[in-house]
Amino acid sequence: MDIRKKITFNYVALSTFSTSLLCIIVFFLFRENNRYHFLKRLDDRSKIVSSIHFQKDPEKIKYYKNLKKNGLEELIEEEEYVLKINSENSFDYNTNLNLPNSFYTNILKTGKDSFERDNKYYLGQIFQENDQKYMVIVGARDRKGKDTTVYIVKIMLFGGIGFVILAFLLGRFLAKRVINPVARITKEVKRISASNLHNRLPEVRNSDEISDLTNTFNNMLDRLETSFEIQANFINNASHELKTPITTIIAESEIMLLKEREVAEYVESLENIYSQASRLGNLTESLLKLTQTGYDGQKQVSDIARIDELLLDVKSDLDKIYPDNRVSVRLNFAPEDSNLLLLPCNKPLLELAINNIITNGVKYSDNNEVFVNLSANDEMIKITINDIGIGIPPEDIPHLYEPFFRGKIATKYIGYGLGLPLASKIIRMHQGELQVQSEQNKGTIVTIIFKKLNIKKSNV
């Protein structure tokens, strides 16, 4: 069963249930109202009957009889009985009455009671005259009430059937109106493939779930298109970067194998092969580390490290690689409470990420000063890396995290364009934020923020 039929069926079922419930309530309320008013009429009759019985004056008796005949509405199959009460539990019984004993018992106890049988009502109550009690019983058939009840039942029956038919038509209309936008989205989605990811769903201006669905899908297409572009660039650049040293090694080896050569030529060729092999090794290692972080950068972390100690370890590693580096690690703003500096992390990977960022600062500032500042509080840990190097042009900033991307002014420096994308993935893996602010020829400020609320409790 498709969604349209389900919506129509559910709408009709709910409408039928609610209408039936309403009809039942109305029926019982209507019937109870008829019963109340008919018993009220019987009560008036019983008072007149008692008045006629108690009067000794023929003129007054005649007056009450005329009032009963002309002043009150005629009742069908009307019966009137006046029974003398002898004691608390006995009275003069009339054999024409065929009523249950409980009816008489309730009248004697409470002074008044009513009884219904086959749509005929009986009302009995006690009257007293000169220390003598009498039980007045008046009975009549409520044919009018029965007829009006049957009439209202017919109205509700045929009206209910008509309403169900109307509910079915309205349900189909509602289902069509609700599903049409979804059907339109489905039709448009089927037209989108990997070859035309630039297509988007038409915007819906209404602020409802369909609009949210359209916007969510368009945002997903934006991410997919960007991912496809990055993937295509990655494959092209990776194949180019890997092909160059491999081709050089093969060509150099083939040349050396063509004939015997002098020792100096072999040494020069081996040095060239070693240089290209080292380049290939470094590139392969960078690619493997990029893969280590996982496709979505969400691998589980396992260590708890102090960020100040981690920064000092990174500085120690830099001193071995670049002995004359001018990196300054400033811990002036670090809190005295060491617990505020603790961070659940994969320590080797996080060291690699921060090392890559600081190394970029050293490299692209021609070994000028690089300042690393650390601050922390109850809400976050913040690392700021500031260099005064060549900076980044504004048009290059959106592409910084694409593997193998290198800006125009950065191509004169040795590198593969993998350091910052790798660092970005590692920091994102640790629920951190990486922010880059830069101005060409004035330097770059890289800020790493780890918000305590974003760190998963399972990692602590």
Side-chain angles (χ1 to χ4, degrees), residues 285-286 289 293 301-392 400-401 410 413-415 418-439 441-452 454-455 459-460:
E285 183 181 2
S286 297
K289 287 179 179 177
T293 62
V301 295
S302 57
D303 306 321
I304 295 180
R306 279 185 54 167
I307 295 299
D308 54 346
E309 294 178 355
L310 188 146
L311 290 177
L312 293 176
D313 290 342
V314 172
K315 177 66 168 69
S316 176
D317 292 339
L318 280 172
D319 290 340
K320 296 175 184 177
I321 301 173
Y322 304 102
D324 57 344
N325 73 81
R326 300 172 65 186
V327 176
S328 299
V329 178
R330 298 177 176 180
L331 305 177
N332 303 355
F333 298 100
E336 295 182 1
D337 185 0
S338 60
N339 289 327
L340 296 177
L341 296 171
L342 294 178
L343 180 71
C345 65
N346 185 319
K347 188 176 179 182
L349 282 181
L350 191 57
E351 282 185 358
L352 174 63
I354 297 175
N355 190 305
N356 283 350
I357 295 172
I358 297 176
T359 300
N360 281 349
V362 173
K363 179 167 61 175
Y364 294 115
S365 67
D366 296 320
N367 201 23
N368 212 324
E369 288 183 316
V370 176
F371 303 101
V372 181
N373 296 300
L374 172 65
S375 61
N377 54 36
D378 292 332
E379 297 180 355
M380 65 180 181
I381 298 174
K382 183 178 180 180
I383 303 170
T384 304
I385 302 164
N386 187 5
D387 68 64
I388 48 177
I390 61 175
I392 305 170
L400 288 178
Y401 306 125
Y413 295 90
I414 298 174
L418 293 174
L420 199 56
L422 176 59
S424 173
K425 291 189 70 175
I426 293 173
I427 291 170
R428 188 173 69 249
M429 181 181 74
H430 290 83
Q431 311 299 324
E433 299 177 16
L434 182 62
Q435 303 171 355
V436 178
Q437 296 174 290
S438 184
E439 190 172 346
N441 299 322
K442 290 188 177 181
T444 302
I445 300 175
V446 178
T447 304
I448 305 170
I449 299 175
F450 298 102
K451 292 183 179 179
K452 303 291 182 69
N454 291 341
I455 299 173
N459 292 335
V460 177

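Counting from 1, the numbers follow the sequence of the chain as shown.
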## Note on the structure
Residue set satisfying ring-ring contact (aromatic ring centres under 6.0 Å, His included) with Y413, at least two apart, ordered chain then number -> Y364

### Query
How about L434 and I357: do any of their side-chain heavy atoms sit closer than 4.5 Å?
yes

### Considering all heavy atoms, the nearest S438-G443 contact
OG-O, 3.2 Å

### Task
Keeping to residues at least two apart or across chains, list the ring-ring contact (aromatic ring centres under 6.0 Å, His included) pairs with something in residues 339-361.
none

### Task
Would you please name every residue forming a side-chain contact (heavy atoms from CB on, under 4.5 Å) with E439, sequence neighbours left out?
K442

#### Entry: Listed partners of N339 passing side-chain contact (heavy atoms from CB on, under 4.5 Å), at least two apart
D337, L342

### Task
Using a cut-off of 6.0 Å, state whether more than 12 heavy atoms not belonging to D378 lie near its atom CG.
no

### Residue pairs fulfilling side-chain hydrogen bond (donor to acceptor under 3.5 Å, both in side chains) with at least one residue in residues 306-321, sequence neighbours excluded
R306-D308, K315-D319, D319-N325

### Message
Going by ring-ring contact (aromatic ring centres under 6.0 Å, His included), name the pairs with one or both residues in residues 315-346, residues two or more places apart or in two chains.
### Response
none

### Query
Quick one: are K425 and P421 in side-chain contact, heavy atoms under 4.5 Å?
no

### Task
Kindly compute the distance separating CG (L350) from CD1 (I383), expressed to the nearest 0.5 Å.
7.0 Å

### Summary
Closest heavy-atom pair, L340 versus N377, reported as atoms and distance to 0.1 Å, is CD2-O, 3.9 Å

### Distance (rounded to the nearest 0.5 Å) between L400 CG and I392 CD1
4.5 Å

### Query
To the nearest 0.5 Å, what is the distance between CD1 (I427) and SG (C345)?
12.0 Å

### Message
Once rounded to the nearest 0.5 Å, what's the spacing between atom CZ of R330 and atom CZ of F371?
### Response
5.0 Å

### Summary
The complete set of salt bridge (Lys or Arg N to Asp or Glu O under 4.0 Å) pairs with one or both residues in residues 364-375, sequence neighbours excluded, reads R326-E369

### Query
Roughly how far apart are K451 NZ and M380 CE, rounded to 0.5 Å?
8.0 Å

### Message
Out of the candidates N373, V327, L341, V329, only one should pair with L311 under the side-chain contact (heavy atoms from CB on, under 4.5 Å) rule; please name it.
### Response
V329

Distance-only donor-acceptor pairs under 3.5 Å for side chains of residues 384-391, two or more places apart:
| residue | atom | partner | partner atom | Å |
| --- | --- | --- | --- | --- |
| D387 | OD1 | G389 | N | 2.9 |
| D387 | OD1 | T444 | N | 3.3 |

### Query
Looking at I358, V372, T359, which hits side-chain contact (heavy atoms from CB on, under 4.5 Å) with V314?
I358

#### Entry: Partners meeting side-chain contact (heavy atoms from CB on, under 4.5 Å) with Q435 (sequence neighbours left out)
E433, T447, I449

### Counterpart residues, side chain to side chain donor-acceptor pair (under 3.5 Å), relative to S365 (two or more places apart)
none

